[in-house]
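Here's the structure we're looking at; comments come further down.
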Amino acid sequence: MSYEANTNLEEAPASSVPSSPFGHLVDGLNGLGSIVIGLVMVLMCADVFMRNAFNKPIDGVAELVAASIIVIVFLQLPGTLRHGRMSRADLFIDPFLLMRPRAGLRLRALFSLFGVFACGVIAYATRPLLVKAWNNNEFIGIEGVFTFPTWPMALVVTLGGVLAAVQYGLLAWQDLRDSARAPARGGERHE
């Protein structure tokens, strides 16, 4: 549940992220996303080989790759947040945290609450698409050549949005809790 990422790859300290069933779920989905990346790479290489060696491309590779990108993002988004690996602009927040730790933590909590809202909206908006895809047996591809159902993709987006919203909520709670113990200004301690 930390924003702070270890950028020194020479050192590998123990993770400061507490272990929990939620954490194991998020990390498991992150690992699954990595497996999907590997499978996509193998599929693309096989398609290129088949296309060049035998002039027989593999049907559906473009559709599978397009769908897998969305799946990978939403499988790995909660884990990326959990381990502090989400891209962010540190130009303002890091110096602000040093000068005014309490206000900086509260501002970061506010940003996390916006993340809860954004991911919640994604999950809320995708849920009806999931139900529709399931009920109507919707598919991607060309009928008779290659097709696959769209509901697994909608399920991953919905689940990933919910888990990312929960993770943002945990980050906001952590920052609000830490702000209560932080000094008002860098180096000072006000209580």
Looking only at heavy atoms, what is the nearest atom pair of [X] and [Y], with distance?
X: F92; Y: L107; value: CE2-CD2, 3.4 Å
X: G169; Y: V116; value: N-CG2, 3.3 Å
X: P78; Y: V26; value: C-CG1, 3.4 Å
X: A165; Y: G120; value: CB-N, 4.0 Å
X: R82; Y: D27; value: NH1-OD2, 2.9 Å
X: A123; Y: T158; value: CB-O, 3.7 Å

Checklist entry - Sequence neighbours excluded, which residues qualify as side chain to side chain contact (heavy atoms under 4.5 Å, CB included) partners of P128? => result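 If we apply the side chain to side chain contact (heavy atoms under 4.5 Å, CB included) test to P128, skipping adjacent residues, there are no hits.
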
Quick one, [X] and [Y] - any side-chain contact, counting heavy atoms below 4.5 Å?
X: I140; Y: T147; value: no
X: L81; Y: Y168; value: yes
X: V40; Y: L64; value: no
X: K132; Y: E138; value: yes
X: Q167; Y: L163; value: no
X: L97; Y: L105; value: yes

Checklist entry - If you link I, L, V, M, F, W and Y whenever their side-chain heavy atoms are under 4.5 Å apart, who else ends up in the same group as W134? => result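 Answer for W134: L130, W151, L155.
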
Checklist entry - Who else is in I35's hydrophobic cluster (ILVMFWY, side-chain heavy atoms under 4.5 Å, direct or via others)? => result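 Grouped by the 4.5 Å side-chain rule, L39 form the rest of the cluster around I35.
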
Can you tell me how far the [atom1] atom of [X] sits from the [atom2] atom of [Y], to the nearest 0.5 Å?
X: F74; Y: C119; atom1: CZ; atom2: SG; answer: 7.0 Å
X: S112; Y: M86; atom1: OG; atom2: CE; answer: 10.5 Å
X: R108; Y: L176; atom1: CZ; atom2: CG; answer: 11.0 Å
X: D47; Y: K56; atom1: CG; atom2: NZ; answer: 13.5 Å
X: S68; Y: E63; atom1: OG; atom2: CD; answer: 11.5 Å
X: R127; Y: L159; atom1: CZ; atom2: CG; answer: 14.0 Å

Checklist entry - Under 3.5 Å, is there a donor-acceptor pair linking the side chains of S34 and Q76? => result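 Side chains of S34 and Q76: pair found under 3.5 Å.
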
Checklist entry - Quick one: which of L77, V156, L75 gives a side-chain contact (heavy atoms from CB on, under 4.5 Å) with L29? => result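 Exactly one candidate clears the test, L75.
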
Assigning hydrophobic clusters by single linkage (Ile, Leu, Val, Met, Phe, Trp, Tyr; side-chain heavy-atom cutoff under 4.5 Å), is [X] placed with [Y]?
X: I70; Y: L129; answer: no
X: V65; Y: V73; answer: yes
X: I122; Y: F117; answer: no
X: M41; Y: V61; answer: yes
X: L43; Y: I37; answer: yes

Item to check | Sub-6.0 Å ring centroid separation between F49 and F54 | outcome: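 Ring-ring flag for F49/F54: true, centres closer than 6.0 Å.
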
Item to check | Salt-bridge criterion met for R106 and D175 (N-O under 4.0 Å) | outcome: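 D175 and R106: not salt-bridged.
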
Checklist entry - Does CG belonging to N55 count more than 12 external heavy atoms closer than 6.0 Å? => result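 Check fails, neighbour count at 12 or below.
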
Item to check | Heavy-atom neighbours of F148 CZ exceed 12 at 6.0 Å | outcome: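 Counting neighbours around CZ of F148, more than 12 heavy atoms of other residues, nucleotides or ligands fall under 6.0 Å, so yes.
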
Next on the checklist: Main chain of R100, side chain of R185: is a donor-acceptor contact present, judged purely on distance under 3.5 Å?
Outcome noted: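 Absent.
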
